[in-house]
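Everything on this sheet refers to the single structure shown next.
No hydrogens, no waters, no symmetry mates; every other heavy atom, side chains included, goes into these values. Just so we're on the same page: letters track the sequence lines, and every chain starts at 1.
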Amino acid sequence: MIFYQVLVNGVVLGSLYACIAVGFSLVWGVLNIINLMHGSFIVLGAYLALLAYSSLGLAPWWTVAVAAVLFFGVGYLIQRFLINRVVAAPVMLSLTLTFGLDLIIQNAMIYFFKADYRALNLNPALGSVALGTVVVPVDRLIATIFALLLTFALYVVLRKSRIGRAIVAVRVDQDAARLLGVDIRSIYAIAFGIGTAMAASAGTLLALTFPIAPVVSYAFLGKAFVVCVLGGLGSVPGAVLGGLLLGLVESFGSYAIGPEFAVMLSFGLLIAFLIARPQGILGRRGFE
Amino acid sequence: MSYAFVRSGLVAARSALAVLIAGAGLGLSGASVHAADVIKFGAPLPLTGALSPEAVKAKQGFEVWMDMVNKAGGIKVGDRKMKVEVVFVDYQSSTPKAVQAAESLITQEKVDFLFSPHGSGAAKAASNVSEKYKVPTVAATASSTQVFDQKPKYLFGTYTPNETLLGPLFPLVKAKLPTLKKVALYTRNDLFPLSLAQAIENNIKESGLEVVFNEKFAINTLDHSSALSQLKGAQPDWIFVTGYINDNLLIRKQMIDQRLQAPVVTMITGPSFPEFVKAAGVAGSENITGAAWWDAAVRYKSDDVFGSTEGYLRAFKEKFGSTPDYGSASYTVAAVALQMAIERAGSIDREKVRDALAKLNVNTFFGPIHFNEMGQADSYSPPIFQLQNGKTVVLYPPSVKQGELHLGVK
Amino acid sequence: MSKFLAIGALLVLLVFAPLSGDAYLVRLGTLACMYAVMAASWNLIGGLTGYPSFGTAAFFGVGAYTSGILCKMGVALPLAVLGAGLLGVVLAAIIGFILLRLKGHYFAIATLAIVELFREVANSATDLTGGGMGLNIPRHEGLGVYQEAAIFFFAMWALLAITAAVCLFVERSKIGFALACIRQAEGSAEMIGVDSTFYKTLVFALSGVFVAMAGGLYASWVHYIEPGDVFDILLTIKPVVMALIGGVGSTVGAIVGAIVYVTFEEAIWRNYLDFSSGIIGLTIVGLVLFLPRGLGSLRLRWRPRASTP
């Protein structure tokens, strides 16, 4: 019976991971930029949710919309004026740039929010639901559902809207897209903005599940990496699959060989995929 | 050929210039003056980075002491009084940086005495520096015996060893729960929690109990659900969780998510801090037991600058408007111990103060302070408490007992 | 010839540090030499070959633990450091063989994952490494503070001299030429007969051996290491920033960058308590955006226009 509990744990955890990673995957796939600030944006979204709840009594699912819009703007500006300058540059340069920017954001967060851990406790608490012997916490369930909804919405936008199709076009073949009249710079900025918006939205929901502090961003970033490699870059369904795979592996692995090896497992899996199937389950080979 | 020569010369010259300018900048900022009537103490603190909440408390602990001492004219050294100054340096929550900070304080700031950085690991690393330079150092928060196992001459720790923390809880629980048999341990893979877990395992063996679950979790684990599901399956009577406040908050939350219940749940660290109750909620924290080296509920009469525990609480409240927790009190008593050693030595000569520390046997607001031959305090019993209705209720030692142990953590 | 002169000038400059009589300055000098070794080593694989490796921290940690464990078993320090270097080479060759088929971002991520993996392994192998409780390396009794500092300084300085010599040799030799070909167009390089696998693995191994030895010295220098201290991503990022400061692709640049960065960070650390990491971040951003070719690209007015390397 514990098998089902571990399975459910894995699926729920995996959905959270997918939520964390989908914006990161988009940016990496479309702009070929690894955005090391991604984790910090998630944490900033969480702080927004904390603030909204403590001062206005707004539950996180209302704050999601605000977070998405606000951070879309932030991301757009950052890309347009800073990241754009290194989009075509060697990998190390863009990595170092986002690293430096992340240092600044981290320092600012510690200065304004202090480094102690804070949790969002809804009143009344959400509790958990039980299906037989399997127990699922309601907040994770809500986060999972929202994550899947957001991800689905993104998928629809990418496939159906004009901007979305332009983004996909740039991802598939930049030069052809340019020839067809797509304004690459503007697409880059929009894609980055979307990535940041997804990160912040994920963060507002994650505030229900994890205690929040500036330093938590690195843990989120680490998971995002692994999910992207597993699932394939720039692919929204890939992020979902990659997240689920990681969640299940960690859940069962922790049960089978012990929780202290959970982190090792995720990075080991990452390396294995990179060697055997770098494009991930669903992705096409990313730019190199 | 000559162009290349000139070019390389320019490269070398530019680099030299850069180094010289930087060095000059260093020189202008670094050196400090040592005033005649002031005793300088060095305090490396993790003012930024993951541990910064601890640094905030530590700084408060030092500041309330500094104020009290300087208000009274300073420390009595022989026949004169000398004021005190604590120099703070940020080691960014990085242990290698803490070592560098210790050396910087000794050689650049020229402090007379040193306090250890926060925690057991960093204290151990930094003690290599203070041992080399022969500077008496007091560690405010180093409880793991591993810190002292190389018998440092100049390092003294005001925390009693981890082994003393939870021992007294066992008979208390046994008395309330005669059917006590199965115990579960869940430990963070880090120096202090591991050391504590080892001590708890010894306690368990001595009490004749059975360990049904014993796992470690990696630092930065985001999800404990699988481990907790397993733990639940083992149906323990008593669960021990050792980690830092963020781990314990997450674990507690996931325990509730998984509807994991047990008669007794003990968590170190976290429950002693008001932030824990705030984050976990009154219901979430109900009946969690914990222990700490001090609690605001203890009452001691003392020969130190505060006069008694109440005196300390008053001074702290006056300065910061709140009640101190053991995070701040630990740093205050480290300073107090050093002060009393200086007074008894009658001088600020490092060897004399070191010997005075080794012989120290005094009453402080924190409890009696005396160090064993390894350098760790062995003179008081850390209070054990339980969170009831959002408040800490002290269960032990009997002299300050405030209430009874309640069973049942939902 | 010119590059050797520049390196020689720098090394001579560094040697003056211990003469100041200030043990702390000597510590800074040792740190600068250590980072210079790491920056120059990274430059081999990252700058010359164009493979962005995050692995520096992995080699450093492996070297630190190898030497630490050997010292604990009673092996003399020079042998322990050599042992660390040996293991570094072997590991680099194995890892390189597996990972060097990846390129660009994927290579970067893979090497990053290696660091994280090694850290967790060190955390778990408690019997060997002390696990989360850290490893104590025996102190050297009978040495004065200043003497010990000076010994470690000269050891690190000597390591830097060797590293610099090897790196310069690689830069100027046929190997360096092959690496440049690989960096610019690997496919074409293969077509004209450059055995890229051989050269890449060779240079990756070289980039690991000196870093591992630096780690080995470090462990004995500080006497206590924990997995999180030595398998720290910052130990990779900082050398990259240093190489950036000096100009990527140049050994001289990497060494200069290391010295400049260490002094700069020290000055910031002393003076700006609350914002030190933010200021460092700002500097990094400024560097990448405005000086991506390093300080060397700041042209002094009377220099004749040279063709860019």
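Residue C:Leu100 does not touch chain A at all, counting heavy-atom pairs closer than 4.5 Å. Residue contact with chain A, scored on non-hydrogen atoms closer than 4.5 Å, is absent for C:Val248. Contacts between C:Thr111 and chain A at a heavy-atom distance below 4.5 Å are absent for every atom of the residue. Neither the backbone nor the side chain of A:Phe273 comes within contact range of chain C; no heavy atom of the residue lies under 4.5 Å from a heavy atom of that chain. Proximity to chain A (any heavy atom under 4.5 Å) is shown, for C:Ala110, by both the backbone and the side chain. Of the atoms belonging to A:Leu269, not a single heavy atom falls under 4.5 Å from chain C. Using a 4.5 Å cut-off between heavy atoms, C:Leu117 touches chain A through backbone and side chain atoms alike. In this structure, the portion of C:Leu112 lying under 4.5 Å from any heavy atom of chain A is its side chain and not its backbone.
For residues 90-98 of chain C, a heavy-atom distance under 4.5 Å to chain A picks out C:Ile98, given by residue number.
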Identify each donor-acceptor pair in which a side-chain atom of residues 100-113 of chain A lies under 3.5 Å from a protein atom, sequence neighbours left out, and give them as a table.
unit_1: A:Asp102; atom_1: OD1; unit_2: A:Ser40; atom_2: OG; d: 2.4
unit_1: A:Gln106; atom_1: NE2; unit_2: A:Ser40; atom_2: OG; d: 3.4
unit_1: A:Gln106; atom_1: NE2; unit_2: A:Pro214; atom_2: O; d: 3.0
unit_1: A:Gln106; atom_1: NE2; unit_2: A:Ser217; atom_2: OG; d: 2.7
unit_1: A:Asn107; atom_1: OD1; unit_2: C:Ser277; atom_2: OG; d: 3.2
unit_1: A:Asn107; atom_1: OD1; unit_2: C:Gly278; atom_2: N; d: 2.5
unit_1: A:Asn107; atom_1: ND2; unit_2: C:Asp274; atom_2: O; d: 3.1

What pairs of donor and acceptor atoms, side-chain ones from residues 227-234 of chain A against any protein atom, are under 3.5 angstrom apart with sequence neighbours left out?
none

How far apart are the C-alpha atoms of A:Arg85 and C:Phe290, what are their side-chain angles, what is the distance that settles it, and do they pass the side-chain contact (heavy atoms from CB on, under 4.5 Å) test? CA-CA 10 Å; A:Arg85 304 173 66 142; C:Phe290 302 115; 3.8 Å; yes

Go through the steps for C:Val240 and A:Thr96 under the test side-chain contact (heavy atoms from CB on, under 4.5 Å), then give the verdict. CA-CA 8 Å; C:Val240 173; A:Thr96 313; 4.0 Å; yes

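Within the 4.5 Å cutoff, side-chain heavy atoms of A:Phe99 are placed close to those of C:Leu234. Taking 4.5 Å as the limit, every side-chain heavy atom of A:Met92 sits out of range of all side-chain heavy atoms of C:Tyr51. When side chains are defined from C-beta on, C:Ile284 does not count as touching A:Leu97, because their heavy atoms never get closer than 4.5 Å.
Residue pairs that meet the side chain to side chain donor-acceptor pair (under 3.5 Å) test with at least one member in residues 281-290 of chain C, sequence neighbours left out, do not exist here.
The two residues A:Leu93 and C:Val288 come nearest to each other via the heavy atoms O-CG1, 3.6 Å. Residues C:Ser124 and A:Met264 share a closest heavy-atom pair of OG-CE, 3.2 Å. Across C:Arg101 and A:Ile275, no two heavy atoms sit closer than the pair NH1-CG2, 4.3 Å.
Classified by interplanar angle (parallel below 30°, tilted 30° to 60°, perpendicular above 60°), the ring pair C:His105/A:Trp28 is perpendicular.
Expressed to the nearest 0.5 Å, how far CZ of C:Phe54 lies from CG of A:Leu95 amounts to 4.5 Å.
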